[in-house]
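Since we're looking at a predicted model, the values are computed, not measured. Along the sequence shown, residues carry numbers from 1.
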Amino acid sequence: MASSARVDLDGNPIKPITICMIGAGGFIGSHLCEKLMSETPHKVLALDVYNDKIKHLLEPENAHPWSDRIQFHRLNIKQDSRLEGLIKMADLTINLAAICTPADYNTRPLDTIYSNFIDALPVVKYCSENNKRLIHFSTCEVYGKTIGSYLPKDSPFRQDPAYYVLKEDESPCIFGSIEKQRWSYACAKQLIERLIYAEGAENGLEFTIVRPFNWIGPRMDFIPGIDGPSEGVPRVLACFSNNLLRHEPLKLVDGGQSQRTFVYIKDAIEAVMLMIENPARANGHIFNVGNPNNEVTVRQLGEMMTEVYVKVSGEPKLETPTIDVSSQEFYGVGYDDSDKRIPDMTIINKQLGWNPKTSLWDLLESTLTYQHRTYAEAVKKAISQSSAN
């Protein structure tokens, strides 16, 4: 696509830039790389330990019109002297690297804190020292629990959005006690946000912070025993997909009462593109990126996924589609949860004019069609092998 045809929200031509993308091989990174390659003239230095999810963009060499615009660098940001050089080569750094699976917050709290705070420090430092713009991926978990969750169960204020809608510039960050190690992730993420904000205030770092609210779609996480460890516990979408693929009941932690909002990865990537290409509107801001219209309890999500999977796979529904498990049994001691996560959309709307489009049913249909097409045969094979053994 010719770069001359592309303009930003203020009508200015968009100049091609080089982006250093850390964590480019993950779920979000792979969708962002696809979009950047197919629809923009920008270059990407793709940094990650793995590249399975972006292999189709890298191979075979020279087969794509964008072959000269994406370079994969296999590195772990923890201990790699090449990191600063790669950040210096780029105009913008996007940091997506994180341990972001709730099952790990409890069982690997040290890794979680190091990965989300300590390992992110050099990235912030190099951007600040070299006057490079940074888009840092945080999480909606930084909000913790809602104010409403502390009100009496029968309080009418629990229905008042002022007590549960999460605003970037107003809502407090409320975490559980220290022995609830689930908050190790949110706390590390909050501290790196505060550090980035301080670098902006004291040293003029140009930054944008993204708080994703449950982005879901194809290539999210892994299916245990197929393209990830068999004892691994991915996030809810992949957990439920794994159960559906194996014809097992969906496990509902503490009855699946937690409420969540889900946004389609392709809608969310549009928001990130607007941040990348409108620095004057995005710099200095923290953005919620979610879909307040797609709110369900985890139990309702499970029921919807079961219906959608029956439709896309043609397989019958289980007699007992769900079973309840306690959070202690599922995640171990020290687990705690946020009750409700509804993003306020005022700031992203005003600055970037972004609104999510895809309904929950549609995004589940597209995701489960992908999951079924990608994994159904491999899961069948794995099940028949283990029963043969």
Counting distance only, does the side-chain N/O of Asn12 pair as donor-acceptor with the main-chain N or O of Asp8 below 3.5 Å?
no
Decide whether Ile348 and Ile196 are clustered together by the hydrophobic rule: side chain heavy atoms of Ile, Leu, Val, Met, Phe, Trp, Tyr closer than 4.5 Å, transitively.
no
Which class fits the ring pair Tyr375 and Tyr370: parallel under 30°, tilted 30 to 60°, perpendicular over 60°?
perpendicular
Could you pull out the closest heavy-atom pair between Asn214 and Cys140, with the gap in Å?
OD1-SG, 4.3 Å
Donor-acceptor list for residues 84-100 side chains, cut-off 3.5 Å, not counting sequence neighbours:
unit_1 : atom_1 : unit_2 : atom_2 : d
Glu84  : OE2    : Asn130 : ND2    : 3.2
Asp91  : OD2    : Thr18  : N      : 2.7
Asn95  : OD1    : Ala97  : N      : 3.0

Applying the side chain to side chain contact (heavy atoms under 4.5 Å, CB included) test to Gln259, which of Thr146, Leu301, Thr297 qualifies?
Thr297
Over 60° means perpendicular and under 30° means parallel, so tell me whether Trp183 and Phe175 are parallel, tilted or perpendicular.
parallel
Sequence neighbours excluded, every pair satisfying salt bridge (charged side-chain N to carboxylate O under 4.0 Å, His left out) that has a member inside residues 284-307
Glu295-Lys340, Arg299-Asp324, Glu307-Lys317
For His73, give me all partners under ring-ring contact (aromatic ring centres under 6.0 Å, His included), at least two apart in sequence or on another chain.
none
Only counting residues at least two apart or in another chain, list the ones meeting ring-ring contact (aromatic ring centres under 6.0 Å, His included) with Phe262.
none
First locate atom OG of Ser138, then atom CG of Leu191, and finally report the distance between them rounded to the nearest 0.5 Å.
11.0 Å
Looking only at heavy atoms, which two atoms of Leu36 and Met21 are closest? And how far apart?
CD1-CE, 3.7 Å
Gap separating the CG atom of Leu368 from the CG atom of Leu244, nearest 0.5 angstrom
6.5 Å
To the nearest 0.5 Å, atom CG of Leu121 lies from atom CG of Asn116 at 11.5 Å
I want to check something: taking the side chain as every heavy atom from C-beta on, are Thr322 and Pro249 in contact at a cut-off of under 4.5 Å?
no
Return the set of residues passing ring-ring contact (aromatic ring centres under 6.0 Å, His included) with Phe72 (not counting sequence neighbours), or none when no residue passes.
none
Shortest non-hydrogen separation from Glu365 to Val308 and the atoms involved
CA-CG1, 3.5 Å
Between the main-chain N or O of Ala238 and the side-chain N or O of Asn242, is there a donor-acceptor pair closer than 3.5 Å?
no
In terms of the angle between their ring planes, are Trp66 and His64 parallel, tilted or perpendicular, with boundaries placed at 30° and 60°?
parallel
If we ignore hydrogens and angles and just use 3.5 Å, is the side chain of Arg69 paired with the main-chain N or O of Thr40 as donor and acceptor?
yes
Shared hydrophobic cluster, Val142 / Val272 (ILVMFWY, side-chain heavy atoms < 4.5 Å)
no
Filter on salt bridge (charged side-chain N to carboxylate O under 4.0 Å, His left out), then keep only pairs touching residues 281-294, sequence neighbours left out; what's left?
Asp10-Arg281
Please report the shortest heavy-atom distance between Leu318 and Glu248, naming the atom on each side.
CD1-C, 3.3 Å
Mind running side-chain contact (heavy atoms from CB on, under 4.5 Å) on Thr208 and Phe287 for me, showing each step along the way?
CA-CA 8 Å; Thr208 302; Phe287 292 115; 3.6 Å; yes
Can you tell me how far the CG atom of Leu32 sits from the CD1 atom of Ile269, to the nearest 0.5 Å?
4.5 Å
Is the NZ atom of Lys43 crowded by more than 12 outside heavy atoms at less than 6.0 Å?
no
Over all atoms of both residues, closest heavy-atom pair of Thr261 and Pro343
OG1-CD, 3.6 Å
Crowding at NZ, Lys125 (>12 non-hydrogen neighbours, <6.0 Å)
no
Which pairs pass side chain to side chain donor-acceptor pair (under 3.5 Å) with one or both residues in residues 344-354, sequence neighbours excluded?
His285-Gln351, Asp344-Thr346, Asn349-Asn355
Any chance you could measure Leu151, atom CG, to Tyr164, atom OH, to the nearest 0.5 Å?
12.5 Å
Around atom CZ of Phe157, are there more than 12 heavy atoms of other residues, nucleotides or ligands at under 6.0 Å?
no
Once side-chain hydrogen bond (donor to acceptor under 3.5 Å, both in side chains) is applied, do any residues pair with Glu377, and if so which ones, sequence neighbours excluded?
none
Should Ile342 and Tyr143 be counted in the same cluster of Ile, Leu, Val, Met, Phe, Trp and Tyr side chains packed under 4.5 Å apart?
no
Using the rule that Ile, Leu, Val, Met, Phe, Trp and Tyr join whenever any side-chain heavy atoms are under 4.5 Å apart, tell me whether Val165 and Tyr163 fall into a single cluster.
no
Quick one: which residue pairs count as a ring-ring contact (aromatic ring centres under 6.0 Å, His included) with a foot in residues 78-98, not counting sequence neighbours?
none
What pairs with Tyr197 under ring-ring contact (aromatic ring centres under 6.0 Å, His included), at least two apart in sequence or on another chain?
Phe207
With Leu57 as reference, evaluate Cys33, Ser38, Ser67 under the side chain to side chain contact (heavy atoms under 4.5 Å, CB included) test and give the passing residue.
Cys33
Output every pair passing salt bridge (charged side-chain N to carboxylate O under 4.0 Å, His left out) with a member in residues 188-203, not counting sequence neighbours, ordered by first then second residue.
Glu193-Arg211
Between Ser155 (side chain) and Pro152 (backbone), is there a donor-acceptor pair under 3.5 Å?
no
Stepwise, does the side-chain contact (heavy atoms from CB on, under 4.5 Å) test hold for Met275 with Val210?
CA-CA 9 Å; Met275 295 172 207; Val210 187; 3.7 Å; yes
Correct closest heavy-atom pair for Pro212 and Thr139 would be CD-CA, 3.8 Å
Does the Asn294 side chain pair with the main chain of Thr358, one donor and one acceptor, at a distance under 3.5 Å?
yes
Once rounded to the nearest 0.5 Å, what's the spacing between atom CD1 of Ile192 and atom SG of Cys187?
12.0 Å
side-chain contact (heavy atoms from CB on, under 4.5 Å) between Leu83 and Ile22, worked out:
CA-CA 9 Å; Leu83 181 62; Ile22 300 164; 4.1 Å; yes
Identify the residue among Val298, Leu245, Thr306 that makes a side chain to side chain contact (heavy atoms under 4.5 Å, CB included) with Phe240.
Val298
Do Ile209 and Phe117 land in one hydrophobic cluster if side-chain heavy atoms of ILVMFWY residues count as linked below 4.5 Å?
yes
Name all residues meeting the side-chain hydrogen bond (donor to acceptor under 3.5 Å, both in side chains) criterion together with Lys35; count only those two or more places apart in sequence or in a different chain, and write none if there are none.
Glu39, Glu270
Are any of the side-chain heavy atoms of Trp215 and Val289 separated by less than 4.5 Å?
yes
Can you check side-chain contact (heavy atoms from CB on, under 4.5 Å) on Leu237 and Gln371, steps first, answer last?
CA-CA 10 Å; Leu237 179 97; Gln371 302 279 46; 4.1 Å; yes
